Amino acid sequence: METAFQLFDCDYINNNSPVVRLFGKDKNGKTVCAFVKDFFPYFFVLPEEGKDEEVISFLEKNYKQLFFKAEHVEKYLPIGYRKEKVRMLKVFLKDPSQTPVVRDELRRQKFIKDIFEADILFKYRFMADKNISGMKWIKVHGPAAQTSVSKTDRKISVDSVEPIDDDTNADLKYMAIDIEVVSLKEGVPDPQKDPIIIISLSFFPAHEGNNTLLLMTKSIKKVDRDILIFKSETEMLKEFVSIIESYDPDVVLGYNINGFDLPFILERLKITKNSRALGRCDQKIVTSRKFGMKTRNSMAGRVVVDVYELIKESVGKGLLRLKRYGLGDVSRELIDEDKIDITHGEISKHWNGNEEQVKKLVDYARKDAELVLKLLLSKRMMDKFVEISKLSGLLLQDSLDGGEAVRVENLLLREFNKQDYVIPCKPESREIARREDEQQARGFKGALVLEPIVGLHTNAIVYLDFRSMYPSIFVAYNICPTTILFEDEKEFVKTPSGSRFVSPKLKEGIIPKIVHQLMSDRDKLKKRMKSATTEDERRSLNAKQIAVKYMTNSFYGYTGYVRARLYVLDIASTITACGRYLIQHTKNVVEEDNKFKVIYGDTDSIMVRTQTTDIDEAFKLGDFLEKKINAAHEGKISMKIEGVFKSLLILTKKRYAGFMVEKDNEQLKEKMTMKGIETVRRDWCDLVSKSLYTVLEIILKEQNPKKAFIYIKETLSKLEKNEIPIEDLVVTKSISKSLKEYKGVQPHIELLKKLKKRNPGDAPGIGDRVGYVIVKGLQLMSERAEDPEYVKQNKLKIDSRYYIENQLLPPLERVFEAIGISKSELVGVGKQLLLFDAIKNGVKKPKEDQSIKTIDGFICDRCNKSFRRVPLIGRCDKCSGEIMFYSGETKSRYFVL
DNA sequence: TAATGGTAGGGGAGGAAAGTAGGCTCATAT
DNA sequence: TACTGATATGAGCCTACATTCCTCCCCTAC
């Protein structure tokens, strides 16, 4: 019998000898589990000269049960150009789980020179050898298997496996989970003690007509159709297990499901003596493992997706701009839907409250599961990972969980093996330390950032960049671990930085080959995208295109990554050195005849000032430059015009704003671009981002600083009059490590300490973002950071002075200084405005009693310079005006304690 | 069984350290 | 001649301040 299915998961079980299991779904939506026998784990041993037999007898003697067989093979060593293969031993064992033991023991033996591929996960060893990939279709031959262990529609005992070419995707079933827990004590719920009270499930497609199901352990009168009530948590969990089995989801998802819901459920299942085999196999319970701060869960045959982690990753990679990661914030931003408002601390209160409150809690739980599912589906968050799986060969779960290194390694393993190369084992901790030291000592220089010409440029600026610079360098100079020359070779390619790689005529490097292929694949995908007829087709092609781009760009970072199997610092350094040469050389070429000036450039891009203000002409000049530069680089790497800036304000390296015109199908499109400036940074409050954006827009589009001034004046006066909503004043920052590890004093950390004291259960953790506002007071600014909600509730006063002097003015000063308006002019305007306006607006001047009761600081009567500490002289050191006490808007010579 | 791509760079806040001005004390002179 | 009080001056030391430099941290550009 022949069966084709899309490969969803793969693992192995040990029935005396290993059996590989392939999980997937066929065209009819039936789940499949295919069992493959007679595949054994192996690795390669390079013995010392002539010691082959010693290795074999050692294995025979010490690992009688485990050792299966050894074969003599000829392989290329992976690092450094090799003309000839080397004889080594391919050692087969009987049990994958024991491979590390044998490997480590062998390593200690004198007759061993090196060991290769002794740490490739068994499932990936199998998949690589059979040339099958996660999320691709495979065809298996074989009869139905007699087993009740796996819970799939079809079970097959496999004789042969092969990949098939099919680009479609099977329809998947999704189930979102959200649990609610009451904690007996204050703080984080403890699965040992605290019971689950509600399990909220959301399905796509519907489960027996229900889009949602709510399991709960308290009876309420007005019962919705989707509510199931149980007498005990034990019974509720039992039903939960059976729902999973009957619905049989492919994807199980949740918000922070890895960190909270799943581990918690597992613990409660254990305590209530329910089954923990939630996967498509009775034998394997769901495993939950902690790696440092991360928790990973695996469910045989299914995929666990944590939407919270996906969101964070997207933000981290700059694909998404969000200030906070809460489900509420994210839903509002991405799908314009709100969460029902209940804090963790209030859950117990609602649960133990009246009917109305319990009902609200139920609605809240239902909404959460719905939102998570909606986010994943409507934003098609998994598409990219499906494509990454197909490209790299990884299983979908590992594409989602793992980093770039695993992807690159999986791809390289296959390509290396195809060409008879072995790849090294992962470095041990000592080797990692050595690499780190080496990097420390030698340094690993990165890209070149050209010194910018700071200021406002109003001539047309042409913006050009290199197409996939680092990947192109790999290809252009045949850079690869397998081609790097340590010895003399007649035919070689020399990079501008002086490194030598063997000529591609003798050996085309493996990485260059892969990268070249990926780059041309991407070009084709982009072309197909342009002619796509349906939105679905376009979106699917786009996901592919993005995945290809990711893979292409991963190789450079990988070679400089200390934990990589194929870490070659020389290669990483060579790549960046070539990049530096290219950008510098390009600048020289552009400036050759004094018509153009390169005013800035970063890594792979340059901005060229022309002598025109006409956009069409600028584009023509851009085309001219493009041709000239590409000719200078002899087709090895090409530059492309990205657009023309009508006006551009450069503040510093990596910080600029411009009014850009792009060409899209011969249509001109205008847009504002801002890089690195506070408008795009998440650690400034919205007031700053918004007003700075407006100011920049006025300056760039209208070139009218006066108008910008007036705008600021209004903002400042609003701020002084407390007319700015507190939401606009919230500054958010990430927590990057545990409290103990922080050395200095920082606002968000100080606030975190306070929050932990107030409500340990609700306090944010590592990886979360904390939002704060600065309130009035005399302590360090960091100690005056406060939770906005707390400020509202306790009616604390916002420190408007902080927002003016430390938030609004500094970024504005930098902008105005760059356009030639002095800092003091603006500061003067800012501060005087602030005080004089306030006075004009009717703040009473004390007449009879000229003393004030509290002080906020010390201020110069003439120029309004403020001092943090009391100056001992009574004169302002700037203008020699008199120093006075002030409180709010009131100044006085006298201060009564 | 089991994790984690890279360097360059700006900028805020706090803290240490070296530098400095002014105050205090004491000696001395008038 | 011895002693007192008021006043001035300068040296030496101490303290608090303003400043500079550095570290830590966050986040971004590419």
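All values reported here derive from a predicted model rather than from experimental measurement. Numbers restart at 1 for each chain; the letters A, B, ... are given by sequence-line order, proteins then strands.
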Just checking [X]: base, sugar-phosphate only, or nothing, at a heavy-atom cut-off of under 4.0 Å?
| X | value |
| --- | --- |
| A:Y802 | sugar-phosphate |
| A:M781 | sugar-phosphate |
| A:K445 | sugar-phosphate |
| A:V408 | nothing |
| A:D11 | nothing |
| A:Q439 | sugar-phosphate |
| A:E750 | nothing |
| A:T287 | nothing |
| A:Y600 | nothing |
| A:S782 | sugar-phosphate |
| A:Y561 | base |
| A:G446 | sugar-phosphate |
| A:G318 | nothing |
| A:P810 | sugar-phosphate |

Provide, to the nearest angstrom, the distance between the [atom1] atom belonging to [X] and the [atom2] atom belonging to [N].
| X | N | atom1 | atom2 | answer |
| --- | --- | --- | --- | --- |
| A:Y742 | C:dC25 | OH | C1' | 7 Å |
| A:M551 | B:dG5 | CE | C1' | 11 Å |
| A:E678 | C:dT28 | CD | P | 11 Å |
| A:K675 | B:dG9 | NZ | P | 18 Å |
| A:D604 | B:dT7 | CG | P | 17 Å |
| A:Y42 | B:dT1 | OH | P | 20 Å |
| A:K654 | B:dT7 | NZ | P | 13 Å |
| A:E313 | B:dA3 | CD | C1' | 13 Å |

Quick check: do [X] and [Y] have side-chain heavy atoms less than 4.5 Å from each other?
| X | Y | result |
| --- | --- | --- |
| A:Y556 | A:F474 | yes |
| A:R324 | A:P764 | no |
| A:Y477 | A:C578 | yes |

Quiz item: Would you call the rings of A:F68 and A:F40 parallel, tilted or perpendicular, where under 30° means parallel and over 60° means perpendicular?
Solution: tilted
Practice problem: Could you label the plane-to-plane angle of the A:H748 and A:Y772 rings as parallel, tilted or perpendicular, counting under 30° as parallel and over 60° as perpendicular? | Solution: parallel
Self-check item: Option passing side-chain contact (heavy atoms from CB on, under 4.5 Å) with A:C685 (candidates A:K690, A:Q807, A:K323)
Solution: A:Q807
Taking 4.0 Å as the cut-off, does a side-chain nitrogen or oxygen of [X] come that near to OP1 or OP2 on [N]?
| X | N | result |
| --- | --- | --- |
| A:R655 | B:dG11 | yes |
| A:T559 | B:dG5 | no |
| A:K737 | C:dC25 | yes |
| A:K733 | C:dC26 | no |
| A:R814 | B:dG12 | yes |
| A:R682 | C:dC26 | no |
| A:Y470 | B:dT7 | no |
| A:N806 | B:dA13 | yes |

Practice problem: Any salt bridge (charged side-chain N to carboxylate O under 4.0 Å, His left out) involving residues 729-745 of chain A? Give me the pairs, sequence neighbours left out, ordered by first then second residue. | Solution: none
Quiz item: With rounding to whole Å, what would you report as the distance between B:dT4 and C:dA29 at their P atoms?
Solution: 25 Å
What nucleotide, of [options], holds the atom closest to the side chain of [X]?
| X | options | value |
| --- | --- | --- |
| A:A405 | B:dT1, C:dC30, B:dG5 | B:dG5 |
| A:R769 | B:dG14, C:dC27, C:dA29 | C:dC27 |
| A:D683 | C:dC26, B:dA13, C:dA29 | C:dC26 |

Self-check item: Pair of N/O donor and acceptor under 3.5 Å linking C:dC27 base with A:R681 side chain
Solution: yes
Exercise. Sort out the partner of C:dC3 for me: Watson-Crick or G-U wobble, both distances under 3.5 Å, none otherwise.
Key: none
Practice problem: Examine distances only and state if a side-chain atom of A:R407 and a backbone atom of A:S392 form a donor-acceptor pair shorter than 3.5 Å. | Solution: no
Self-check item: Consecutive-pair stems (at least three Watson-Crick or G-U pairs, under 3.5 Å) that include DNA chain B
Solution: B:6-17 with C:19-30, B:19-30 with C:6-17
Quiz item: With the threshold set at 4.0 Å, does a side-chain nitrogen-carboxylate oxygen contact exist between A:D437 and A:R434?
Solution: no
Practice problem: State the NZ-CG distance between A:K587 and A:L448, to the nearest 0.5 angstrom. | Solution: 9.5 Å
